[in-house]
Q: 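Let me give you the structure first, and then I'll get to my questions.
Each chain gets a letter, A, B and so on, in the order its sequence line appears, and its residues count up from 1. What's counted below: heavy atoms across the whole structure, side chains too, no hydrogens, waters or symmetry copies.
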2 protein chains.
Amino acid sequence: MAIYEYDKSYGRTLGIAYTQVYRRLAKYLKERDIPVTPDQFRVLTHLWQNDSCSQQHLAEGTNRDRANVTRIIDILEREGIVERQPHESDRRAFRIVLTEKGKAIEAEAAECGRQAIQDSLEGVTPEELEVCMRVLRKTIQNLT
Amino acid sequence: MAIYEYDKSYGRTLGIAYTQVYRRLAKYLKERDIPVTPDQFRVLTHLWQNDSCSQQHLAEGTNRDRANVTRIIDILEREGIVERQPHESDRRAFRIVLTEKGKAIEAEAAECGRQAIQDSLEGVTPEELEVCMRVLRKTIQNLT
DNA sequence: TTATATTTGTTGCGTATTCAACAATTACAA
DNA sequence: TTGTAATTGTTGAATACGCAACAAATATAA
């Protein structure tokens with residue numbers, strides 16, 4: 001069997017590219033003293049676009065499981081960034097709402113995200129990016 | 001400010017695509033009763049191509065830090081898949097070597113990897129994949 | 001209405017990840 | 001050669017992730 005170059009495979013390249021973007025985002029957030037990790041950022045983006053949704057909804061929207069969301073909300077709540085409020089009609093669920101602090105963070109945190117992505121795409125043409133995004137979306141679709 | 005669609009960004013799409021491939025690989029490994037996680041798989045691929053290297057070398061080759069490699073090697077050693085052997089000329093370092101079991105796993109595990117990638121790329125043309133890989137490599141280069 | 005199934009969130013467990021600090025060893029410069 | 005760097009691996013702490021099991025609440029079927 002010919003040697004398979006694992007480290008040049010699609011899966012590996014994808015993994016390393018993602019990790020690098022993740023670390024860059026973490027770096028920018030830390031530099032600006034925004035007390036949020038990239039994973040928490042992911043949950044927050046969903047809330048910025050969709051405030052006061054349930055943890056279940058957050059889990060679906062961030063491609064994670066409920067247990068995970070429980071713990072991330074625990075931390076965000078401890079940091080005073082979100083609050084758990086009772087759901088009006090379903091006593092199993094919470095409504096996760098942004099606090100003022102949580103809302104105030106958005107502009108700067110979003111700038112970190114934009115900057116990380118901009119860094120990562122330097123020298124890439126819009127056409128190349130379009131094809132790349134299409135492939136990534138296709139991958140997601142194929143595996144979902 | 002216009003609403004920024006975080007969930008359609010390059011960073012998010014990259015993250016979700018990677019997670020999906022990761023989960024698919026985990027699924028295939030589990031189905032075949034290969035006692036290795038995708039993260040351990042990553043370390044193993046490096047050893048299959050480059051046996052008996054140091055943990056530092058493994059960390060560089062897998063885009064992780066040394067602490068991480070220490071713990072993954074702990075697990076792989078406990079599972080009887082690799083062994084720590086003393087380095088001939090540097091008493092700080094180990095040589096990580098595959099056991100027979102570690103070598104025997106390769107064929108089947110590699111098949112899991114290939115299958116996961118094949119699943120993820122169904123319907124993607126070679127030309128599209130080429131562009132996508134170029135963008136991903138560029139991202140890695142930009143952020144390294 | 002009542003019994004059963006499903007949904008929502010939580011918790012335990014094992015693994016993964018980064019950061020910072022540390023000891024032992026090695027490399028290097030004065 | 002001796003004192004200072006740097007390197008290698010380890011550990012602790014905090015966060016993250018997926019899976020399985022669980023209780024409480026809700027939905028649904030008999």
Side-chain angles (χ1 to χ4, degrees), chain A residues 15-16 18-31 34-44 53-79 81-82 84-96 143, chain B residues 15-16 18-31 34-44 53-79 81-96:
Chain A
I16 294 184
Y18 171 64
T19 304
Q20 296 296 83
V21 175
Y22 180 98
R23 288 179 186 152
R24 181 61 61 106
L25 173 57
K27 173 172 175 266
Y28 283 147
L29 289 167
K30 178 173 279 190
E31 279 176 6
I34 302 171
V36 157
T37 67
D39 295 297
Q40 292 163 13
F41 176 77
R42 185 135 134 196
V43 171
L44 281 175
C53 61
S54 70
Q55 294 185 198
Q56 174 64 29
H57 190 188
L58 273 175
E60 291 164 7
T62 58
N63 196 39
R64 301 242 175 73
D65 77 352
R66 288 194 308 274
N68 229 313
V69 170
T70 291
R71 281 150 184 150
I72 287 181
I73 295 299
D74 285 347
I75 294 172
L76 291 176
E77 197 168 33
R78 164 158 58 75
E79 294 288 333
I81 291 170
V82 305
R84 282 183 171 93
Q85 291 184 358
H87 192 286
E88 324 79 57
S89 60
D90 187 342
R91 285 192 294 168
R92 291 169 304 183
F94 292 114
R95 288 205 170 279
I96 308 302
L143 301 182
Chain B
I16 295 184
Y18 171 63
T19 304
Q20 297 295 83
V21 175
Y22 181 98
R23 288 178 186 154
R24 180 63 59 107
L25 173 56
K27 174 172 174 265
Y28 283 147
L29 289 167
K30 178 173 278 189
E31 279 175 6
I34 302 172
V36 157
T37 67
D39 295 296
Q40 292 163 13
F41 177 77
R42 185 135 133 197
V43 171
L44 280 176
C53 60
S54 70
Q55 294 184 198
Q56 173 64 30
H57 189 188
L58 273 175
E60 290 164 9
T62 59
N63 197 40
R64 300 236 178 74
D65 78 350
R66 289 194 307 277
N68 226 312
V69 170
T70 291
R71 282 150 182 148
I72 288 181
I73 295 299
D74 284 348
I75 295 172
L76 291 176
E77 196 168 33
R78 165 158 57 74
E79 293 288 335
I81 290 170
V82 305
E83 276 179 13
R84 281 183 172 93
Q85 291 183 357
H87 192 284
E88 325 79 60
S89 59
D90 187 341
R91 283 190 296 168
R92 291 170 305 185
F94 292 115
R95 287 203 169 284
I96 308 301

Q: Check every atom of C:dT7, D:dA16, D:dA20 against the side chain of A:A67 and return the nucleotide holding the closest atom.
A: D:dA20
Q: Write down the distance between CD1 (B:I73) and P (C:dT17), rounded to a whole number of angstrom.
A: 13 Å
Q: Taking the nucleotide of DNA chain D with the nearest heavy atom to each, does A:I75 or A:S89 sit closer to the 5' end?
A: A:I75
Q: Among C:dG9, D:dC19, C:dT26, which nucleotide has an atom closest to any side-chain atom of A:Q56?
A: C:dG9
Q: Determine: side-chain N/O of A:R78 to OP1/OP2 of D:dA14, distance under 4.0 Å, yes or no.
A: no
Q: Heavy atoms from C-beta onward define the side chain here; which of C:dT17, D:dC19, D:dT7 lies closest to that of B:D39?
A: C:dT17
Q: Write down the distance between OH (A:Y18) and C1' (C:dT18), rounded to a whole number of angstrom.
A: 14 Å
Q: Since syn is defined as within 90° of 0, does D:dA5 count as syn or as anti?
A: syn
Q: From CD of B:Q20 over to C1' of D:dC17, roughly how many Å is that when rounded to an integer?
A: 14 Å
Q: Counting side-chain heavy atoms from CB outward, which of C:dT18, C:dT15, C:dT8 is closest to B:N68?
A: C:dT18
Q: Rounded to whole Å, please give me the gap between CG in A:L25 and C1' in C:dT17.
A: 15 Å
Q: Using a 4.0 Å heavy-atom cut-off across all strands, classify A:T37 as base, sugar-phosphate, or nothing.
A: sugar-phosphate
Q: Counting side-chain heavy atoms from C-beta on, which of D:dA16, D:dT7, D:dT10 comes nearest to B:T70?
A: D:dT10
Q: Would you indicate which nucleotide in D:dG9, C:dA24, D:dA16 comes nearest to any side-chain atom of B:S54?
A: D:dG9
Q: Check the phosphate of D:dT8 against B:R66, side-chain N and O only, distance under 4.0 Å to OP1 or OP2. Yes or no?
A: no
Q: With nearest nucleotide decided by heavy atoms, which residue, B:D74 or A:R91, maps closer to the 5′ end of DNA chain D?
A: B:D74
Q: Would you mind telling me which of D:dC19, D:dA16, C:dT10 lies closest to the side-chain atoms of A:R71?
A: D:dC19
Q: Looking only at side-chain N and O atoms, does B:R84 come under 4.0 Å of OP1 or OP2 in D:dT10?
A: yes
Q: Out of D:dG9, D:dT8, C:dT18, which has the shortest distance to the side chain of B:F94?
A: D:dG9
Q: With both distances under 3.5 angstrom, what nucleotide forms a Watson-Crick or G-U wobble pair with C:dC22?
A: D:dG9
Q: Search all heavy atoms of B:V43 against all heavy atoms of B:L76 and return the closest pair with its distance.
A: CG1-CD1, 4.2 Å
Q: Classify the side chain of B:R92 and the base of C:dT26 as holding, or not holding, a donor-acceptor pair under 3.5 Å.
A: no
Q: Rounded to the nearest angstrom, tell me the gap between atom CD1 in A:I72 and atom C1' in C:dT17.
A: 13 Å
Q: Nearest-Å distance, CD1 (A:I81) to P (D:dT15)?
A: 12 Å
Q: For B:D65 and D:dA13, what is the distance between atoms CG and C1' respectively, to the nearest whole Å?
A: 14 Å
Q: Identify which nucleotide among D:dT8, C:dA20, D:dG9 has an atom closest to any side-chain atom of B:Q55, counting heavy atoms from C-beta outward.
A: D:dG9
Q: Roughly, in whole Å, what's the span from CG in A:D90 to P in D:dA27?
A: 6 Å
